[in-house]
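Working notes, beginning with the structure itself.
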Protein chains: 4
Amino acid sequence: MPSHSVSPIAVAVFGASGYAGAELIRLIADHPNFLLRHVSAGRMAGQRLGAVLPAIGKQYADLMLVDGEAAVAEGVQLAFTALPHATAANVVAGLVRQGIRVVDLSADFRHPNLENYQAAYGLVHSQPELLQSAVYGLSEWQREAIAETNLVANPGCYPTSVLLPLLPLLRADAIDVDRIIVDAKSGTSGAGRAPKQSTLFCEVNESLSAYGLPRHRHQWEMEEWAHNLGGGRTIAIPFTPHLVPMTRGMLSTMYLHGEAPQAWHGIIAQQYDNAPFVRVLDEGDLPSTASVSGSNRCDIGIVVRDAHNAVVVSCIDNLIKGAAGQAVQNANIMLGLNEQAGLSAMGVWP
Amino acid sequence: MPSHSVSPIAVAVFGASGYAGAELIRLIADHPNFLLRHVSAGRMAGQRLGAVLPAIGKQYADLMLVDGEAAVAEGVQLAFTALPHATAANVVAGLVRQGIRVVDLSADFRHPNLENYQAAYGLVHSQPELLQSAVYGLSEWQREAIAETNLVANPGCYPTSVLLPLLPLLRADAIDVDRIIVDAKSGTSGAGRAPKQSTLFCEVNESLSAYGLPRHRHQWEMEEWAHNLGGGRTIAIPFTPHLVPMTRGMLSTMYLHGEAPQAWHGIIAQQYDNAPFVRVLDEGDLPSTASVSGSNRCDIGIVVRDAHNAVVVSCIDNLIKGAAGQAVQNANIMLGLNEQAGLSAMGVWP
Amino acid sequence: MPSHSVSPIAVAVFGASGYAGAELIRLIADHPNFLLRHVSAGRMAGQRLGAVLPAIGKQYADLMLVDGEAAVAEGVQLAFTALPHATAANVVAGLVRQGIRVVDLSADFRHPNLENYQAAYGLVHSQPELLQSAVYGLSEWQREAIAETNLVANPGCYPTSVLLPLLPLLRADAIDVDRIIVDAKSGTSGAGRAPKQSTLFCEVNESLSAYGLPRHRHQWEMEEWAHNLGGGRTIAIPFTPHLVPMTRGMLSTMYLHGEAPQAWHGIIAQQYDNAPFVRVLDEGDLPSTASVSGSNRCDIGIVVRDAHNAVVVSCIDNLIKGAAGQAVQNANIMLGLNEQAGLSAMGVWP
Amino acid sequence: MPSHSVSPIAVAVFGASGYAGAELIRLIADHPNFLLRHVSAGRMAGQRLGAVLPAIGKQYADLMLVDGEAAVAEGVQLAFTALPHATAANVVAGLVRQGIRVVDLSADFRHPNLENYQAAYGLVHSQPELLQSAVYGLSEWQREAIAETNLVANPGCYPTSVLLPLLPLLRADAIDVDRIIVDAKSGTSGAGRAPKQSTLFCEVNESLSAYGLPRHRHQWEMEEWAHNLGGGRTIAIPFTPHLVPMTRGMLSTMYLHGEAPQAWHGIIAQQYDNAPFVRVLDEGDLPSTASVSGSNRCDIGIVVRDAHNAVVVSCIDNLIKGAAGQAVQNANIMLGLNEQAGLSAMGVWP
């Protein structure tokens with residue numbers, strides 16, 4: 001149950017008109033310690049929040065979207081930046097310089113290894129000096145570092161869904177690191193709100209397709225952090241993303257090979273025994289995306305196939321544990337609040 | 001922001017394995033004043049809550065579903081009954097006799113006029129003496145009565161969506177009561193979780209159909225309460241429900257005729273000016289079900305068509321404002337808690 | 001069963017890259033008498049048909065999309081124009097001048113009453129002299145006229161779904177023409193393939209909304225042809241369109257008032273007794289959009305509500321009987337082919 | 001273009017009320033050489049076809065469903081059996097004894113290796129003597145054998161989607177047969193029409209999950225026929241099926257390892273150069289299920305990942321190329337008709 005601070009924390013959301021922005025605003029509006037004070041958008045600046053985000057309650061419907069370049073409202077102590085990469089880096093740098101704590105949902109501060117950033121995004125980083133203080137916000141693995149930083153690089157959705165089940169096995173040296181295969185599937189909200197023919201309802205509905213081959217940007221992120229948090233080895237994580245005709249949800253099916261797969265369930269379950277937002281199912285049970293949709297949970301299922309192989313399946317809501325929810329979780333940790341404040345472990349089901 | 005009571009209120013849910021039951025449990029689990037203590041089910045009794053409802057967080061996953069006949073757990077102060085009509089009446093009577101406050105989501109206590117109940121459900125009522133103390137829980141219209149009862153009859157989803165926009169106009173004597181037509185559309189969760197061919201995914205998906213003609217049960221409920229709360233006249237509300245290929249959401253399109261439709265927006269807007277869960281859009285704007293999905297809101301749009309006609313459209317989440325959310329809102333009022341405790345005015349969007 | 005002509009008819013499709021264009025191409029490709037020779041598009045000109053329309057079989061995948069301004073391929077005898085209004089008028093005029101028979105799917109030739117066209121589309125017509133020879137192609141009502149024209153104005157989807165059940169009742173003088181109300185619902189393919197935020201998957205999915213109020217363009221078309229084909233009276237058809245989270249399908253719920261509604265089923269059923277593509281259900285049965293999806297059928301259900309009211313529900317596939325299918329049906333009639341050639345009365349179900 | 005035989009072939013469908021049965025009836029109704037004469041069902045026997053299958057056109061709506069035990073109608077020359085396994089075996093045996101040609105859509109005659117059948121289905125086969133004459137109907141690979149049999153065992157949907165791209169590579173000895181991994185995804189129509197909680201709309205919609213682990217029945221079928229048609233080696237095809245929130249469509253993502261993956265596109269493309277229903281996309285392009293939905297096509301995409309790995313993706317409509325369409329294709333071959341008669345290579349899109 002959330003603890004109430006004496007005075008609420010004033011919060012800004014940059015990039016409020018997109019899907020991750022919308023989810024941030026919902027979570028902030030219902031958060032016991034936060035007060036939404038500043039919202040910015042690009043094309044939609046100058047409009048009321050309620051005109052741009054249809055699901056807004058009365059409380060915040062009349063808040064005005066300011067331009068992304070506008071000065072941040074006075075008193076803001078915490079900012080969530082949900083902006084395109086490259087744009088984010090400069091906005092984040094400005095906020096940090098003003099002493100505002102930032103959770104950045106872009107890719108700009110996820111890669112301490114600048115070569116990976118450049119390879120994945122084809123860009124020279126504009127704020128490399130900030131990378132030292134940025135902490136990769138995979139909450140369950142970085143609580144101590146997050147508590148001591150003022151800049152969290154919120155992980156990508158695919159990396160979150162893959163690293164949560166994978167890291168315990170890597171740390172235990174349980175799997176062959178050159179035999180990993182990840183087949184991942186995402187709901188369409190991950191593709192964003194900008195109008196494109198490929199994400200029109202009639203193109204996505206009743207259709208399923210793979211994309212992003214031969215190498216999706218998130219593969220660099222997964223591999224860099226499997227290395228950094230998983231024991232320091234070089235690890236290849238070939239993965240194939242798929243677009244699924246549903247709005248929310250991400251499911252990653254991992255094909256893993258090693259010596260004693262019957263031990264893997266125990267390794268993963270023990271790791272997350274006390275984590276409120278990771279639920280490891282009984283061995284043999286398999287999760288579904290609908291089970292975690294609307295919650296900040298990651299559900300993990302493990303099925304042993306034979307003496308050397310198991311299939312590990314993880315599910316998250318890509319907009320919550322894969323974006324806005326983990327961002328709020330990280331903000332809670334950074335600010336010393338209850339880690340669960342404003343977040344639900346219950347899916348909105350059906 | 002929810003106020004915290006010193007000691008939480010122990011709550012029971014009867015009929016926990018269905019869709020309304022699942023939503024009740026989510027709202028109770030995240031409610032600042034409630035503690036879930038007793039859950040019962042029919043066929044699924046004896047199973048863990050987490051095995052029956054996939055979206056359950058760790059906190060309540062191991063709670064056992066008891067049989068519907070089992071004695072209610074000690075200390076329970078509040079019960080939500082989400083049972084089939086006729087079954088509900090007897091369970092409710094037993095709970096009330098034990099001094100437990102009840103919000104009943106069935107139709108059994110919605111009809112003070114027993115003839116209507118019998119006509120709609122083809123049943124003789126088994127607990128008619130309880131009808132006197134039951135209060136019809138259309139929250140925004142019955143706050144005072146709800147605060148003084150121990151038994152709330154939670155309204156049906158269609159009646160909620162129709163009565164909220166209609167009652168202000170009836171009270172203002174603004175519309176011709178013999179020219180009302182309601183075309184209503186519901187997501188499929190309203191059809192329940194019992195396996196039926198007609199609600200299989202492949203039968204509902206990519207399909208739209210009308211049903212329930214010539215007279216759906218909820219028509220009696222609408223007409224009875226349009227009379228009771230709308231000024232005492234006899235009112236016919238012919239309505240046609242439709243099944244829509246989506247899980248949640250209900251939209252009612254009302255065709256209304258009268259003298260001065262340009263005044264109707266003001267009448268409705270003024271009525272709900274201070275209601276946290278009713279949002280009247282600017283005149284000419286039209287709501288969508290996705291905007292209210294996941295919230296306890298009802299959004300209302302009004303468009304004047306000509307000098308004598310307007311179209312009024314209302315949207316609710318049929319499982320929240322149309323069922324579990326309004327039930328929690330009513331429980332809050334009945335118990336003297338903040339009416340908004342544990343409820344969100346923000347839709348889960350997209 | 002289709003009859004085979006000795007030599008196939010060379011066909012052109014203008015506007016081949018949209019949804020109606022795609023459906024035209026499918027029907028032409030599988031038509032026993034047609035050979036697809038010319039396809040044009042706007043932005044997508046210069047690409048292979050298979051690159052623009054993903055569902056193309058091998059036979060036509062390498063056909064090149066030419067620019068809309070390019071001369072029509074030699075030998076073309078029949079053209080389908082699926083272009084925006086105003087653009088269509090000029091293209092159609094050019095084709096007719098070349099002696100090519102045309103089925104135009106735009107609104108440009110649907111309004112012999114130019115005032116209606118101007119009111120609905122806000123345009124002065126650029127080819128008014130062609131209106132005399134154009135025939136409004138509601139196939140079941142205009143067979144003789146279609147057989148004698150070289151220019152068919154293919155009806156809109158909403159007007160098709162409304163006029164088919166309404167005209168027999170108007171002709172029989174069975175209903176009060178000032179008490180008609182139409183609540184119509186359409187799948188999203190009717191909104192076209194141009195990228196817009198409002199038709200993105202995540203905006204439409206799990207959502208339902210009304211739009212087009214107070215007066216949608218198709219209302220002029222319905223009212224003009226209810227007058228022209230329904231007995232010459234002035235008829236108001238207030239209608240409210242809704243956007244449904246499905247790709248195909250259109251359902252119109254009509255609220256009709258009159259003296260003897262128990263006679264209406266017989267009037268409608270008799271009218272279409274020999275129409276292969278109109279199926280009148282048993283009285284009291286209600287159609288679904290999925291039942292007609294993929295077919296050129298219109299299914300009609302009639303339920304009597306009381307002594308003066310009945311609800312009439314009609315379903316079509318908006319891209320087939322509401323666009324490309326009726327266009328092929330009209331071409332068949334115009335060319336003296338079997339009316340059913342290349343068209344299916346079987347829905348693709350589930 | 002279909003050739004017309006002088007007199008149509010009388011056809012029976014056993015198991016007409018399910019999803020595969022419905023699709024068979026649609027294809028037969030629109031087939032230039034077939035006449036539907038006998039339809040049987042289990043629970044739904046005694047009803048009109050139009051009452052059980054909503055998409056039926058007028059032509060066959062009044063055909064009566066007879067009981068599965070009833071004698072087949074006189075004159076039937078060809079039967080499609082879409083019955084549960086074990087039930088099918090006995091019905092098929094009876095039909096074959098009467099000299100009727102049969103395409104069986106069950107699993108009963110797919111396994112010449114009886115041990116595999118018993119392992120996969122847990123049954124002793126009731127008609128083992130018929131297995132000798134049965135031909136496994138993977139049309140593109142078995143044309144000669146099909147042309148000479150009177151009993152075709154129609155392949156399963158997953159095996160069809162996997163074997164079509166895999167067999168050319170196996171025949172060319174191009175891939176490491178102990179490093180195959182298949183991640184497959186299916187629309188929900190594959191789960192059948194019997195009412196189950198797990199396939200209700202609200203359980204499937206907006207959800208994605210893996211199932212069938214550790215070993216789905218179709219794995220035996222894939223492995224047996226990869227052996228039989230792919231060169232005689234023992235091959236393991238570990239595969240994980242997933243349930244996708246769409247009605248039709250199956251996508252199999254195959255992770256393949258070998259020496260020279262850059263050659264694989266050519267191997268597969270050459271194999272199907274003349275196959276009207278297999279479309280190999282340009283190297284690097286990826287198919288979608290919507291592209292093949294409504295058609296009898298299989299679309300295949302190949303992306304080379306690195307010097308030893310490629311991803312191969314195949315898409316079919318599980319009810320057409322994965323069931324009823326391939327059954328008609330096999331019947332056409334068996335009867336000496338045009339292989340494409342009554343089948344479309346065009347998807348119904350969008």
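Here is the naming used below: chain letters follow the sequence lines, and residue numbers restart at 1 for every chain.
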Sort A:R248 into side chain, backbone, both or neither according to what part of it lies under 4.5 angstrom from a heavy atom of chain D. backbone

Go through the atoms of D:P287 and report whether side chain, backbone, both or neither lie under 4.5 Å from a heavy atom of chain A. backbone

Count the heavy atoms of every other residue, nucleotide or ligand shown that sit under 6.0 Å from CD of D:Q197, and state whether that count exceeds 12. yes

Does any backbone or side-chain atom of A:S293 lie under 4.5 Å from a heavy atom of chain D? Answer side chain, backbone, both or neither. neither

Quick check: closest heavy atoms across D:V182 and A:Y255, and the distance to 0.1 Å? O-OH, 3.8 Å

Heavy-atom pair count under 4.5 Å with chain A, highest-scoring of D:I181, D:N309, D:N205, D:V313: D:I181

Side chain, backbone, both or neither: which part of A:L208 has a non-hydrogen atom closer than 4.5 Å to chain D? both

Any donor-acceptor pair under 3.5 Å linking the side chain of D:R305 with the backbone of A:F239? yes

Main chain of A:T247, side chain of D:E206: is a donor-acceptor contact present, judged purely on distance under 3.5 Å? yes

Interchain contact, A:H242 with chain D, by part (heavy-atom threshold 4.5 Å): side chain

Options D:G249, D:G187, D:A210, ranked by heavy-atom pairs under 4.5 Å with chain A, top entry: D:A210

Minimum heavy-atom separation for A:T289 to D:S207, with atom names? OG1-CA, 3.3 Å

Is A:V204 close to chain D through its backbone or its side chain, or both, or neither, when contacts mean heavy atoms under 4.5 Å? neither

Given the options D:D306, D:T240, D:V304, which has more heavy-atom pairs under 4.5 Å with chain A than any of the others? D:T240

Proximal component of A:V292, with respect to chain D [non-hydrogen, under 4.5 Å]: neither

With rounding to the nearest 0.5 Å, note down the distance linking CG in D:D285 to OG in A:S209. 12.0 Å

Does atom CD (D:Q262) have a neighbourhood of more than 12 heavy atoms from anything else shown, all under 6.0 Å? yes

